[in-house]
Amino acid sequence: MGIKGKNKVAPEDEQNLTEKEKFGKPVKYDPTFKGPIANRGCTDVICCILFLVCIVGMGGVGFIAFTTGDPWTLVYPTDSRGQICGVSEAVQDKPMLFFFDFLKCASYDTLLEFKCNTPQVCMSACPNKTYSPYKDLFFGAVAPALLNFDDFICDYDFDPATEYATGDYQGLDGLFLMMEDDRCASYYLPSSPLADRCVPSFLTDALTNVGDVFTSNDSFIYTANGDNITGSNAEELFSNAVNLFLELQTLVQVLYEDLVASWHMVLIGLGIGMLLSFIWIVVMRWLAGVIVWGSLIGLFAALGFGVYYCWIQYSALEGVAGADSDFEFSSNLLSYLRLQKTWMAFGITLLVVLSLLVLITLCLCNRIRVAISLIKEASRCVGGMISTLFWPILPFLLQMLVITVWVFIAVFLATSHTAKYTVVDAESDFPLANGTVCDEANFTSYYGEMNYTARCQFQSYEVEQYVLYLQIYNLFMFFWLMNFCVALGQMTLAGAFASYYWAFSKPQDIPAFPLLKSFYRSIRYHLGSLAFGSLIIAIIQIIRVMLEYVENKLKGKDNMVVKFVIKCLKCCFWCLEKFMRFINKNAYILIAIYGDNFCTSAQNAFFLLMRNIVRVAVVNKITDYLIFLGELCVTAIVGAASFFFFTNQITFVGEYVTVPQLNYYWFPIILICVGTFAIAISFFSVYDMAVDTLFLCFLEDLERHDGSAEKPYYMSKDLMGIVGKKNKKEVPDD
């Protein structure tokens, strides 16, 4: 700003220029430069090769995961032998899981883990009647010889009739023992499938009640564990095991019904949100100044009223007994409002803040005007390139693809496990204690003849140690690829918007298909630079994940020093990530324009911003404020309209559009608000990129040109007027 004519520097500005040279030298005029350089070469080739190799490595991890993992274990129930009901070869025709004693599952812990400490077998269908052979035998209701062994539900390869006649469970005592040893179920109830698990019907079926379970012949049930189940206590005993499932199932069903009834209105609401976002961006060329200056005036007015109100309260307390007392500690905070000194302190504080803000605004007035003008120019730029508003769809689809691949690999890796069996129901003199790992295939042959109650039961699936490292690698590649998609979107938009700025006569000099050309340049020449910048962010993110993991492991520990260090590191890396995202974004802009490598562009962008640090701060903050206000207003407008619509408070709309009858009207409203906010973020991210790109181009324009016929400014006349520049001679069109 110290340039006074051609090649002349005012003495008072020499020191400022010297200070600026610490952050590099301004860009020199290049007569051949007419916007984003077309003749460029590949950048950061080594990083590009590394990126491709790592993607191949991710494919290798995926291959290992797909060949060793079995995600069905997360979906389908698993019996006591680790077989997946309806999937494993031995039980393909038995999709339902039956629990020998469902009462042992009656807790939230076992329910959420989808397992409980009772034998479980796969069945082709859930039982549809009440049967309690243990009770019948115990109370002598039926003779052993009259038992129908076909009604027994037993473990695989266990034939109760044969065992009773000639096996190890002969006689009446043998019948009791086969149920006490959990070789057969001591009872079962009419059941219905819930998540492929047999659950008592009176808990899941509204048409079935407890009275249907207990008949005159089976008025109560006595289990092998000594539990007495009757019609009065059955629902209470079993309900804990399924309440959570029932609540979730009911809620999901109701929400699904609401979604089916209102999906078309949800789409209409999202379409309105998209239209409002576009309109908001277009009208910013007229509203930006009004909003910014109006907000500042409103803030000054609020602070001024605060000072006036404090003076009124101070004057009102004049002469009131005790109002001139000194401050004293009190738990009653309202007592401080009865002191004059309180209102004096408030008034002075507000007056100081108001004075500082007024002085800062006066000092930064021109820079605020520059920011407003750039925001208006960005609105014109985006309005002239409507295709850029829909560009985020491609990075979004790429990110969805990355998320899908990552989730599939992570799930398959998580299920790359082996079945773990442990001893349960072991007596004190049994060779193996409860919880000891056992070999299910050979357990019966080793210990079956000892006549113990111990069983080798499937406990869980164990994951090998190497799988953890593969998961970390998969997560790292997820971060890298997600940031790569973001970087690709930013560089492509930057190239398109730079083409707009460096067109001397707009829109005549804007090249055809600037967005597609910028996308081609980014893919053809700068994959390595995109990979380099995204790699830096990915490394920081994986470090933050590790810090979170360490902090989680330290929960319950008393080492406060380590916890403090972890908190500090988390804060530092959070700040570092924010800073690097800012640097990367501006580096991508210069790469899109000049085609330099990542490090050179990052350095040049950083120095350029540091040479104009005050302008950077003002433009960024005003842009952030306007974008946040736009996102908030668009979401609020659509959300309020959807609320009034679904609550049938907009009567004239009901004459043309039928308001659906819903169980929870807030569900589609939430969907519309969340979707609208996501759409607004997508649209305004394009707008934000336009402002940042035009701002860097504006700074380069100031350093590169002087307004002469040979070196004319490319900025708008509005910007030239604000910064006191002008083109001395009109340059004829080529």
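Every heavy atom of this structure was used, including side-chain atoms; hydrogens, water molecules and symmetry mates were not.
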inquiry  = Between S277 (side chain only) and G273 (backbone N and O only), is there a donor and an acceptor less than 3.5 Å apart?
reply    = yes
message = Could you tell me if N483 and Q541 have a donor-acceptor pair between their side chains, going purely by distance under 3.5 Å?
response = yes
query = So how far is it from M689 CE to M491 CE, rounded to the nearest 0.5 Å?
reply = 9.0 Å
key: Test item: Q471 side-chain N/O and A410 main-chain N/O as donor-acceptor pair under 3.5 Å   = yes
query = About how many Å separate CD1 of I681 and OG of S685, when rounded to the nearest 0.5 Å?
reply = 8.5 Å
Parallel, tilted or perpendicular: ring planes of F532 versus F598, cut at 30 and 60 degrees = tilted
ask   = CD1 of I622 to CD1 of I375: how many Å apart, nearest 0.5 Å?
value = 6.0 Å
query = T388 and F497: side chain to side chain contact (heavy atoms under 4.5 Å, CB included), yes or no, with the steps?
reply = CA-CA 9 Å; T388 57; F497 295 139; 3.9 Å; yes
query = Does the side chain of S534 come within less than 4.5 Å of F479's, by heavy atoms?
reply = no
ask   = Should the ring pair F346 and W343 be called parallel, tilted or perpendicular, given that the plane angle runs from 0 to 90° and is split at 30 and 60?
value = perpendicular
request  = Take atom CH2 of W574 as the centre, draw a 6.0 Å sphere, and report whether it contains more than 12 heavy atoms from other residues, nucleotides or ligands.
outcome  = no
key: Whether Y588 side chain and G489 backbone form a donor-acceptor pair below 3.5 Å   = no
query = Is there a side chain to side chain contact (heavy atoms under 4.5 Å, CB included) between C673 and F677 once you walk through the steps?
reply = CA-CA 6 Å; C673 289; F677 188 68; over 6 Å; no
Qualifying residues under side chain to side chain contact (heavy atoms under 4.5 Å, CB included), relative to V638, sequence neighbours excluded = I272, L276, I672, T676
query = Under a 4.5 Å cut-off applied to non-hydrogen side-chain atoms, are L535 and F484 in contact?
reply = no
query = Is there a donor-acceptor pair closer than 3.5 Å between any side-chain N or O of S642 and the backbone N or O of G639?
reply = yes
request  = With side chain to side chain contact (heavy atoms under 4.5 Å, CB included) as the test, would you mind laying out the steps for V561 and F564 before giving the verdict?
outcome  = CA-CA 5 Å; V561 175; F564 175 77; 5.7 Å; no
inquiry  = Quick one, N620 and D692 - any side-chain contact, counting heavy atoms below 4.5 Å?
reply    = yes
request  = For the pair W502 and Y714, name the ring-plane relationship: parallel under 30°, tilted 30 to 60°, perpendicular over 60°.
outcome  = perpendicular
inquiry  = If you apply the rule side chain to side chain contact (heavy atoms under 4.5 Å, CB included), what do you find for I368 with L296, and how did you get there?
reply    = CA-CA 11 Å; I368 294 174; L296 287 173; 4.2 Å; yes
ask   = Is a side-chain N or O of S682 found less than 3.5 angstrom from the main chain of A678, in a donor-acceptor match?
value = no
task = For the residue pair F695 and F698, categorise the inter-ring angle as parallel (less than 30°), tilted (30 to 60°) or perpendicular (more than 60°).
result = parallel
ask   = In Å, rounded to the nearest 0.5 Å, how long is the span from OG1 of T693 to OH of Y501?
value = 12.0 Å
remark   = Here the gap from L493 atom CG to L389 atom CG, rounded to the nearest 0.5 Å, amounts to 9.5 Å
query = More than 12 non-hydrogen atoms from neighbouring residues, nucleotides or ligands closer than 6.0 Å to OH on Y309, yes or no?
reply = no
Side chains of M610 and I613 in contact at under 4.5 Å (non-hydrogen atoms) = yes
message = So, taking the atom named CG in L699 and the one named CG in L609, what distance separates them when rounded to the nearest 0.5 Å?
response = 7.0 Å
Minimum side-chain heavy-atom gap V370-V618 below 4.5 Å = no
ask   = Are there more than 12 heavy atoms of other residues, nucleotides or ligands under 6.0 Å from atom CZ of F476?
value = yes
inquiry  = Taking salt bridge (charged side-chain N to carboxylate O under 4.0 Å, His left out) as the definition, give me every residue that meets it alongside E548, ordered by chain and number, with sequence neighbours left out.
reply    = K570
message = Any heavy-atom pair between the side chains of Y500 and L694 that's under 4.5 Å?
response = yes
